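Okay, structure first, notes after.
Sequence lines set the chain letters: A, B, ... in the order given, protein chains first and strands last, and positions in each chain run from 1. Computed from heavy atoms alone, side chains included, the values below leave out hydrogens, waters and symmetry copies. The structure displayed is predicted, hence computed values, not measured ones.
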Amino acid sequence: QETVVTEKRKVLATPVARKMAHDLGVDLTTIRGTGPGGRVMKADIRAAAERPQTITTVDS
Amino acid sequence: MYDVIVVGGGPGGYVAAIKAAQLGMKAALVEKDEIGGVCLNWGCIPTKALLKNARVYQEILKGDFFGIEGIEKNNLKINWEQMGNRKDMVVKRLVNGVKGLLKKNGVDVFMGTGIFKDKETIVVGDKILKTKHLIIATGSRPSIPNIEGLYLSMEKGIAITSKGALQLNAVPKRMVILGGGVISVEFATLFNALGTKVTLLQRSSRILKDTDEELALALQKHLIDQGVQIITNCQLKKVEEDKVICQVDGKEVNYSGEKILVSLGRQPNVEGMESLGIVYDKKGIKVDAYLETNVPNVYAIGDVNGKYQLAHLASAEGITAVENIAGKKSSINYKLVPSCIYSFPELAAVGMTEAEAKEEGYDVVVSKFPLSANGKALAEGESIGFVKIIAEKQYGEILGVHIMAVHATDMISEAVVSMEMEGTVHDVAKAIHPHPTLSEIVMEAAHGAIDKPIHY
Amino acid sequence: MYDVIVVGGGPGGYVAAIKAAQLGMKAALVEKDEIGGVCLNWGCIPTKALLKNARVYQEILKGDFFGIEGIEKNNLKINWEQMGNRKDMVVKRLVNGVKGLLKKNGVDVFMGTGIFKDKETIVVGDKILKTKHLIIATGSRPSIPNIEGLYLSMEKGIAITSKGALQLNAVPKRMVILGGGVISVEFATLFNALGTKVTLLQRSSRILKDTDEELALALQKHLIDQGVQIITNCQLKKVEEDKVICQVDGKEVNYSGEKILVSLGRQPNVEGMESLGIVYDKKGIKVDAYLETNVPNVYAIGDVNGKYQLAHLASAEGITAVENIAGKKSSINYKLVPSCIYSFPELAAVGMTEAEAKEEGYDVVVSKFPLSANGKALAEGESIGFVKIIAEKQYGEILGVHIMAVHATDMISEAVVSMEMEGTVHDVAKAIHPHPTLSEIVMEAAHGAIDKPIHY
Ligand SMILES: Cc1cc2nc3c(=O)[nH]c(=O)nc-3n(C[C@H](O)[C@H](O)[C@H](O)COP(=O)(O)OP(=O)(O)OC[C@H]3O[C@@H](n4cnc5c(N)ncnc54)[C@H](O)[C@@H]3O)c2cc1C
Ligand SMILES: Cc1cc2nc3c(=O)[nH]c(=O)nc-3n(C[C@H](O)[C@H](O)[C@H](O)COP(=O)(O)OP(=O)(O)OC[C@H]3O[C@@H](n4cnc5c(N)ncnc54)[C@H](O)[C@@H]3O)c2cc1C
């Protein structure tokens with residue numbers, strides 16, 4: 001069995017994106033940023049909030 | 001076969017060529033006149049070199065105030081030739097610098113007019129160059145409107161363009177400036193500071209129509225205080241040698257000057273591109289968000305695409321076009337392009353004006369802070385001006401920043417970077433700005449947008 | 001009963017008092033000397049006013065270069081009295097401004113020494129003031145080390161502190177400066193520019209020990225080129241009136257000056273606080289992240305807490321302490337405090353030096369860009385200096401920015417705001433910086449940290 005170690009990446013996000021994510025209940029860590037250096041911009045949050053919710057099952 | 005040929009060696013074109021080479025492309029640059037284009041040779045750089053001289057002259061005149069005695073004001077003389085020489089040396093050094101960079105990066109440079117055969121073929125003299133991608137960066141030239149007598153006056157060397165103003169033999173005693181845009185205001189500042197009696201004729205009700213009204217009016221008032229005659233609502237009718245005849249408030253008036261500076265806008269250099277089938281209009285070549293024209297693999301950057309006439313934008317577009325050629329989908333946020341006016345004091349702005357923000361329907365908060373309440377401004381004896389921040393209410397995101405201050409052009413980048421990162425007034429207020437600096441006014445205005453500034 | 005009493009009316013204290021009043025607290029300010037503290041009266045502001053005079057003098061001397069003829073250099077005279085008057089007028093105007101702000105915001109001001117009875121009771125003259133919260137903002141004063149003969153020389157008015165240097169009757173012909181910190185370098189710049197023969201004695205191997213080594217050495221070299229004598233590795237032994245005896249490279253040497261400026265650090269004003277039971281050491285009063293001392297409801301801000309000696313930090317701490325009194329848990333990121341040196345050219349920095357970043361174990365990328373490749377710098381005739389960006393590799397997050405440039409102090413705020421928002425070199429490179437400005441060097445260095453700058 002292989003163990004996958006996901007490196008805990010810090011989220012680069014703009015100040016407005018952070019606040020908007022909070023207001024819209026979007027988890028910043030799930031967003032791929034389109035700004036410089038992969039920074040999460042407010043447009044990314046808006047797009048994520050508009051995407052239909054996908055139900056993910058998590059194996060324990 | 002080149003990966004990229006760039007036609008036009010201004011700040012759009014030469015930057016594109018260097019960037020292409022840096023990304024590993026085989027790149028050529030074609031220039032018919034001088035490497036560096038308008039910007040380095042007859043635009044941004046020579047004007048700023050001359051403005052610096054004028055600023056030094058103004059400081060010298062204020063020597064007493066700063067505690068320097070022994071200057072006989074009556075003995076002071078403008079050595080225009082030396083000013084010109086210094087300007088030329090600066091230009092030469094920068095142009096040589098760019099030539100060196102082109103060489104170092106391995107860009108092939110062809111001096112001569114690029115003739116557009118088809119989208120893959122550029123002819124320069126007897127050379128036929130082939131390319132996969134083409135970048136048009138041919139820039140702009142002054143528009144000369146069809147006013148009776150204007151061409152004749154130009155032929156006689158009385159009416160001149162900005163290029164002519166940079167090559168005068170002497171500082172004119174009187175000058176009439178046609179137009180109230182950025183270039184007009186900078187030349188009005190320059191010659192007024194050097195002692196010319198300047199009259200600026202402006203069609204609309206104020207100078208600098210693209211600038212936030214409050215700043216434009218503040219500068220207009222200041223220029224008038226400094227001795228510039230500004231005639232607004234002025235319709236040009238006719239030019240008779242050194243005399244400009246116009247209509248103001250229904251009356252015919254005339255103004256004369258040793259020189260008449262024609263600065264009524266610029267038009268794109270789009271001639272000779274018919275064979276490419278490129279779509280353009282009066283303003284310039286049409287491009288999409290990726291700076292590509294209607295013809296695939298042909299891009300247009302800088303003044304020739306008619307978006308703005310700004311050197312830094314031309315360069316940014318050059319980089320962006322090349323990134324797109326390299327397969328990246330790169331584009332420019334035109335809301336975040338700063339613009340500067342090197343008047344005394346300077347104006348600099350980025351983002352929306354107050355009027356624009358309201359028009360776009362934002363719930364807007366406007367905060368202002370004056371230089372007269374800033375310690376550094378007083379210590380420098382330069383306390384004219386203010387900063388104005390326009391933010392939206394919900395998050396405090398900054399929509400526009402407008403600065404009138406002695407070093408405004410160096411200060412605006414703080415606002416550009418903040419807005420690039422979708423920064424809010426909270427971020428700017430929280431950032432500790434050093435004391436004593438002019439930049440503290442930006443922080444104070446940010447405080448004012450949230451709550452209250454401390455020092456006002 | 002006050003909500004807050006602030007003792008000390010410098011940039012820490014007066015800002016705290018105004019902020020408290022703005023937040024609706026009943027606030028009092030106690031000041032024994034002059035409102036505005038060291039900063040406004042004998043620090044930041046008067047030095048910068050004088051430095052501006054010196055800069056104008058230097059420009060006047062270069063008049064020929066800028067094309068202004070008719071200045072007889074032999075006839076030029078420094079009118080030190082006028083320089084002093086202008087400085088005093090600037091100070092007075094700012095101090096009056098602060099007094100007006102205190103009044104407008106409803107702060108009760110008590111002039112007199114605040115005597116600390118207990119944490120709730122401050123006595124000023126015959127008034128006994130009661131308060132719920134106390135902010136100590138008593139600042140700092142010069143440290144006078146115990147060097148043989150130094151006190152005597154001070155008594156004779158030969159050795160002076162920075163305050164004395166601001167009150168001289170004339171520009172000294174020769175001056176010895178003890179110490180190589182920020183204040184020393186600014187006075188060396190000032191007097192050297194005004195024609196004084198300056199000798200700076202520095203214990204360690206270079207000036208400005210807290211500054212990035214590369215910048216400090218570049219400035220040191222430049223100061224020497226400008227005529228300042230800098231003696232490094234110099235141990236002070238004794239002062240005999242106007243003579244400083246020291247040991248350099250094992251040899252005894254002496255230097256003499258009409259005036260000896262003692263600028264060997266500053267110590268906190270912590271006397272008379274025994275009754276409060278406050279913990280402090282040689283550097284200052286100990287505070288936690290919220291600027292509270294070991295005694296609840298008693299805060300210490302500014303120079304007296306010994307963190308840094310910077311006016312803007314004192315003010316920021318004042319606001320922070322008041323926010324904490326108001327129940328917010330507010331703190332300062334001390335990594336984001338800019339520092340400035342108003343030499344010619346200026347230095348300004350924020351964040352880590354190259355050495356610090358490496359010490360902290362960061363995988364570091366360092367990018368530099370020189371002013372000599374910047375168009376505006378050449379146009380202004382001010383091309384000495386460079387910018388240095390230190391970023392970490394993974395994200396490109398900016399860790400430190402160090403600038404040597406004529407307007408560095410106005411340029412550093414861009415870096416502060418970027419770092420406040422955890423900006424990366426990608427953000428700064430993408431932000432379009434206006435052309436031609438000095439701030440383009442910051443963008444170029446950011447490009448260089450990612451890949452390559454265009455213009456180098
Ligand atoms: C007086 C003045 C002051 C200015 N000051 C500023 C300022 O301070 N800041 C600022 O941002 N902007 C300023 N501008 C505007 C700035 O100069 C332009 O925005 C900038 O030069 C545009 O760059 P570009 O590369 O698009 O074109 P240009 O600089 O116009 O360069 C185009 C080049 O293409 C060449 N060319 C054209 N056709 C051909 C062909 N067929 N074959 C070969 N070569 C060809 C031309 O010879 C020219 O060298 C100023 C302009 C003027 C006139
Ligand atoms: C020559 C010089 C140049 C400087 N230049 C700069 C610069 O350019 N930029 C910068 O950031 N910093 C500069 N500084 C440092 C700056 O001045 C200090 O960091 C700043 O003044 C600290 O502010 P503060 O409020 O903590 O204390 P201070 O400004 O020292 O004010 C303390 C006040 O408390 C009063 N006080 C003390 N005890 C009592 C008491 N018991 N009762 C009543 N009142 C009392 C004092 O009279 C004083 O007014 C400079 C300093 C000097 C000496």
For a 4.5 angstrom cut-off between non-hydrogen side-chain atoms, does [X] reach [Y]?
X         : Y         : result
Ile432(B) : Leu310(C) : no
Met421(C) : Ser418(B) : yes
Leu378(B) : Leu94(C)  : yes
Val417(C) : Val417(B) : no
Ser413(B) : Pro434(C) : yes
His433(C) : His312(B) : no
His455(B) : Ile18(C)  : no

Using heavy-atom distances under 4.5 Å, tell me whether [X] contacts chain B through its side chain, its backbone, both, or neither.
X         : value
Glu420(C) : side chain
Glu346(C) : side chain
Leu23(C)  : side chain
Lys87(C)  : neither
Ser372(C) : both
Ile454(C) : both
Leu51(C)  : neither

When heavy-atom pairs shorter than 4.5 Å are enumerated against chain C, which of [options] gives the highest number?
options                                  : result
Glu72(B), Lys452(B), Lys104(B), Glu69(B) : Glu69(B)
Ala54(B), Ala49(B), Pro11(B)             : Ala49(B)
Tyr14(B), Tyr342(B), Tyr456(B)           : Tyr342(B)

- Candidates Glu59(C), Met83(C), Lys52(C) - the one meeting side chain to side chain contact (heavy atoms under 4.5 Å, CB included) with Phe66(B): Lys52(C)
What residue in [options] has the most heavy-atom pairs under 4.5 Å with chain B?
options                                    : value
Cys44(C), Ala314(C), Pro436(C)             : Pro436(C)
Thr409(C), Asn105(C), Val337(C)            : Thr409(C)
Pro338(C), Cys39(C), Ser383(C)             : Pro338(C)
Ala316(C), Gly381(C), Ala379(C), Ala311(C) : Ala379(C)
Val15(C), Ile68(C), Leu313(C), Leu336(C)   : Ile68(C)
Asp451(C), Leu101(C), Ile71(C)             : Leu101(C)

If you round to the nearest 0.5 Å, how far is [atom2] of [Y] from [atom1] of [X]?
X         : Y         : atom1 : atom2 : result
Lys430(C) : Thr320(B) : NZ    : OG1   : 5.0 Å
Tyr57(C)  : Ile60(B)  : OH    : CD1   : 12.5 Å
His435(B) : Cys340(C) : NE2   : SG    : 10.5 Å
Glu380(C) : Arg55(B)  : CD    : CZ    : 8.5 Å

- Message: Surrounding CD of Gln58(B) (heavy atoms of other residues, nucleotides or ligands, distance under 6.0 Å), is the total greater than 12?
- Response: yes
- Message: Taking atom NZ as the centre, does Lys62(C) end up with more than 12 heavy-atom neighbours from other residues, nucleotides or ligands that are less than 6.0 angstrom away?
- Response: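 More than 12 heavy atoms, drawn from other residues, nucleotides or ligands, come within 6.0 Å of this atom.
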- Aromatic rings His407(C) and His407(B): how do their planes relate, parallel, tilted or perpendicular, breaks at 30° and 60°?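 Because their plane-to-plane angle is under 30°, the rings of His407(C) and His407(B) count as parallel.
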- Item | Interchain contact, Leu194(B) with chain C, by part (heavy-atom threshold 4.5 Å) | neither
- Message: Between Ile332(B) and chain C, with a heavy-atom cut-off of 4.5 Å, which part of the residue counts as in contact: side chain, backbone, both or neither?
- Response: side chain
Looking only at atom types and distance, does a side-chain atom of [X] sit under 3.5 Å from a main-chain N or O of [Y], one as donor and one as acceptor?
X         : Y         : answer
Asp410(C) : Leu438(B) : yes
Lys77(C)  : Gly67(B)  : no
Gln82(B)  : Phe65(C)  : yes

- Could you walk me through whether Asp64(B) and Arg86(C) pass salt bridge (charged side-chain N to carboxylate O under 4.0 Å, His left out), step by step? CA-CA 11 Å; Asp64(B) 284 348; Arg86(C) 191 179 82 82; over 6 Å; no
